[in-house]
Amino acid sequence: MDIYGRIYSSRMMLGTALYPSPAVMREAIRASGAGLITVSLRREQSLGGGTAPGFWNEIRDLGADFLPNTAGCHSVKEAVTTARMGRELLGTSLVKLEVIGHADTLQPDVYGLVEAARILTDEGFEVLPYTTEDLVVAERLLEAGCRVLMPWASPIGSGLGLNNRYGLRSLRAQFPGVTLIVDAGLGRPSHAAEAMELGYDGVLLNTAVASAGDPVAMATAFRLAVEAGRLGFEAGAMEPRDMAAPSTPVFGKAVLA
């Protein structure tokens with residue numbers, strides 16, 4: 001998976017929120033094989049009552065790169081300021097850009113998203129925008145300088161899976177050379193496999209793993225699903241058809257007089 005020239009062997013990205021303990025979070029990240037993990041800079045990073053330095057100590061030695069996230073930002077100014085904080089704190093130009101426009105669905109404010117993306121790319125950031133599957137918005141984000149797009153599958157934390165297969169398929173077809181990562185709404189490993197079968201380059205998830213009864217096992221399940229879905233896409237999965245087609249040849253079948 002190519003993220004602004006950085007090549008990751010894993011096509012799965014994982015978040016760091018909601019885990020029952022730091023130890024479980026660490027093991028889940030290891031089990032996922034993720035080479036890129038998101039960290040939110042909106043909140044005081046604390047796990048199990050720990051302090052922010054304790055949080056960084058928990059994840060710094062996992063061997064994965066950090067992707068600062070402007071989660072919870074509802075304005076351009078807020079998102080841009082948070083992104084700048086992330087670069088200063090983590091020393092990376094990568095940022096997952098969120099500008100939330102609707103409190104109930106956490107749907108992106110696509111107008112603010114494009115504006116913030118343009119500001120940040122002009123400042124040298126490498127922006128991964130959390131967006132919808134809208135083709136026009138995707139065009140505007142690419143024009144703003146983004147080289148990676150992160151369309152949602154469904155609302156954040158909903159676990160609904162791919163709500164608009166047609167839209168996601170159209171986005172993949174329209175931008176074959178752009179790195180596309182399905183972000184938000186994946187609740188089951190089968191959802192991740194489905195996204196990968198559409199030809200997406202990767203998936204990002206958090207809640208489905210962190211809130212599972214066994215987050216480590218669920219991280220493993222998602223990792224295998226992502227690998228299987230990508231392999232199926234590359235192998236050329238058959239397209240569905242309306243009529244049956246026998247797999248056993250009928251030529252040479254015995255004819256009874």
Please determine if [X] and [Y] form a salt bridge, counting it only when a charged side-chain N lies under 4.0 Å from a carboxylate O.
X    : Y    : answer
E98  : K96  : yes
R140 : D134 : no
R118 : E143 : no
R147 : D2   : no
E194 : R165 : yes

Report whether [X] and [Y] are members of the same hydrophobic cluster (ILVMFWY, side-chain heavy atoms less than 4.5 Å apart, transitive linking).
X    : Y    : value
L224 : Y200 : no
L89  : L67  : yes
M13  : Y4   : yes
L198 : M196 : yes
L135 : V110 : yes

Between [X] and [Y], is there a donor-acceptor pair closer than 3.5 Å when you use the side chain of the first and the backbone of the second?
X    : Y    : value
N206 : A17  : yes
T70  : C73  : no
E78  : H74  : yes
T179 : V148 : no
S154 : N163 : no
R11  : D201 : yes
Y19  : P215 : no
R172 : G199 : yes

Minimum heavy-atom distance [X]-[Y], with the two atoms named:
X    : Y    : value
L149 : P129 : CD2-CG, 3.9 Å
P20  : A210 : CD-O, 3.9 Å
L36  : L94  : CD1-CD1, 4.3 Å
S10  : A34  : OG-CA, 3.8 Å
C146 : T121 : N-CG2, 4.3 Å
A117 : L97  : N-CD2, 3.6 Å

Euclidean distance, [Y] [atom2] relative to [X] [atom1], rounded to 0.5 Å:
X    : Y    : atom1 : atom2 : answer
L18  : S211 : CG    : OG    : 7.0 Å
L186 : L162 : CG    : CG    : 6.5 Å
D65  : T38  : CG    : OG1   : 13.0 Å
E27  : L62  : CD    : CG    : 9.0 Å
L128 : L141 : CG    : CG    : 11.0 Å
M12  : I181 : CE    : CD1   : 13.0 Å

Is the number of heavy atoms from other residues, nucleotides or ligands within 6.0 Å of [atom1] ([X]) greater than 12?
X    : atom1 : result
Y111 : OH    : no
R188 : CZ    : no
E234 : CD    : yes

Decide yes or no for [X] and [Y]: does some side-chain heavy atom of the first lie under 4.5 Å from some side-chain heavy atom of the second?
X    : Y    : value
R84  : F125 : yes
I119 : E123 : yes
V99  : S75  : no
L204 : V182 : no
T16  : M25  : yes
M1   : R6   : no

May I have the step-by-step check of salt bridge (Lys or Arg N to Asp or Glu O under 4.0 Å) for E197 and R230, ending in yes or no?
CA-CA 6 Å; E197 288 171 356; R230 181 66 186 187; over 6 Å; no
Applying the side chain to side chain contact (heavy atoms under 4.5 Å, CB included) test to I29, which of V216, I37, V209, V24 qualifies?
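Single pass found, and it is I37.
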Members sharing I100's hydrophobic cluster, built from side-chain contacts under 4.5 Å between Ile, Leu, Val, Met, Phe, Trp and Tyr, are L106, Y130, W152, I156
Could you go through the salt bridge (Lys or Arg N to Asp or Glu O under 4.0 Å) check for E227 and R223 one step at a time?
CA-CA 6 Å; E227 292 172 0; R223 174 176 57 79; 3.6 Å; yes
Yes or no on side chain to side chain contact (heavy atoms under 4.5 Å, CB included) for L180 and L171, after CA distance, side-chain angles and deciding distance?
CA-CA 9 Å; L180 299 179; L171 190 67; 4.2 Å; yes
